[in-house]
**Q** 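Provided herewith is a single structure, encoded as structure tokens, for subsequent inquiry.
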Amino acid sequence: MYLEGEQRDRSVDQEHLLMAREEYRQLLSAMQQLGKEERDVLALAVTGELSYREIASVSGISESNVKVKVHRARLKLREILQEGDV
Amino acid sequence: MNDYMISMFIDDELGLDDKVEFVERVHGDKPLRDKTVDLLRQEKLIRSEVVDQVPPVELNVRKRLPRSLLRPVGVVASALAAATVLLFLFMPSRVSTTSPYRFVIYRPDARKVEITGSFNNWTRIPMRRTGTRGYWDIILDLPKGEHRFAYVLEGHQKFPDPTIPSQEEDDFGGKNSILVVNRTT
């Protein structure tokens, strides 16, 4: 009985693992559908390393433009994931 | 309130007054609250580093899956994009056949982080802790082309860069990140 329980737990763990990996795969696939510029600014924002001002300096666009582009990229990513087209 | 305040909240770009305004608005506006929670969950996934936080799926399970499910396809362009942008950070003033590339990884609890890759015959190079926020970094001169690399935690735990979508399995059951450097300056 103990072994059966252990095997069941292991099976559940494997299932969760596969789900996590699939979720991550979908995210990566969705990111490929973003435009290059959107992907770039989002990639820089999500690292948490650079402020919007620094991202603006790196990418050559204004800080206010960074705010808009980062947010649009997030919204577009959400839309792609919600549509399930990944 | 501008819609992009959600992202500014996520990225900690709001001042205290703006935070107060944002929280008040979110509490009184259900669609805004739902959207904010959605985007926060999405952000959690983006930053979750799932691939290296969870152990590899056992071989017998992985065999039943199409290979395409476990490996992102067509993602070289993404790595290229990230690499290109980050290269602007370290624009040298003279022409050279290599360009500096800064590798950064977040591992606040680590005592030792190294990097190993095809650019140095897979010799491990220690990374340095930057500040007190848990980041480790190293700047390496990379020639133009495609490079494979991975980080090594505490001298034994190898994992790919979670911020670079393009990865491939190595011959030992692990994964390497694929970084494309398309220009030198």
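Naming: A, B, ... by sequence-line order, numbering from 1 per chain.
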**Q** According to a 4.5 Å side-chain heavy-atom criterion applied to Ile, Leu, Val, Met, Phe, Trp and Tyr, with indirect links allowed, do B:Trp122 and B:Ile164 form part of one hydrophobic cluster?
**A**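 Not linked; separate clusters.
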**Q** If Ile, Leu, Val, Met, Phe, Trp and Tyr residues are connected whenever their side-chain heavy atoms lie under 4.5 Å apart, and connections chain through other members, are B:Phe103 and B:Ile125 in the same group?
**A**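 Linked, B:Phe103 and B:Ile125 end up in one cluster.
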**Q** Other residues, nucleotides and ligands only: do more than 12 of their heavy atoms fall within 6.0 Å of CD on A:Glu37?
**A**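 Incorrect, the count does not exceed 12.
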**Q** Does some side-chain heavy atom of A:Tyr52 sit less than 4.5 Å from a side-chain heavy atom of B:Asp11?
**A**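 Touching, per the 4.5 Å side-chain cut-off.
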**Q** Applying ring-ring contact (aromatic ring centres under 6.0 Å, His included), can you list everything that pairs with B:Phe9, at least two apart in sequence or on another chain?
**A**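 So B:Phe9 forms a ring-ring contact (aromatic ring centres under 6.0 Å, His included) with B:Phe22.
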**Q** For B:Arg129, look at atom CZ and say whether over 12 heavy atoms of other residues, nucleotides or ligands are found less than 6.0 Å away.
**A**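 Enclosed.
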**Q** Should A:Lys67 and B:Ser7 count as side-chain neighbours, where that means a heavy-atom distance under 4.5 Å?
**A**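 SC-SC contact between A:Lys67 and B:Ser7 ruled out.
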**Q** Heavy atoms under 4.5 Å from chain A: which residues of residues 33-43 of chain B carry them?
**A**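 When heavy atoms of chain A are the reference, residues 33-43 of chain B contributes B:Lys35, B:Asp38, B:Leu39, B:Gln42, B:Glu43 within the under-4.5 Å range.
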**Q** Over all heavy atoms of both residues, which pair between A:Leu77 and B:Ile46 is shortest? Give the atoms and the distance, please.
**A**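 In this case the closest contact between A:Leu77 and B:Ile46 is CD2-CD1, 3.7 Å.
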**Q** Find out if a path of hydrophobic residues (ILVMFWY) with successive side-chain heavy-atom gaps under 4.5 Å connects B:Val152 to B:Trp136.
**A**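 Cluster IDs for B:Val152 and B:Trp136 differ.
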**Q** Just by modelled atom types, is the A:Ser51 backbone N or O under 3.5 Å from a matching donor or acceptor in the B:Glu13 side chain?
**A**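 No: the side chain of B:Glu13 does not pair with the backbone of A:Ser51.
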**Q** Can a salt bridge be assigned to the pair B:Asp3 and A:Arg74 using a cut-off of 4.0 Å between side-chain N and carboxylate O?
**A**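 Not counted as a salt bridge, because no side-chain N and carboxylate O are separated by less than 4.0 Å.
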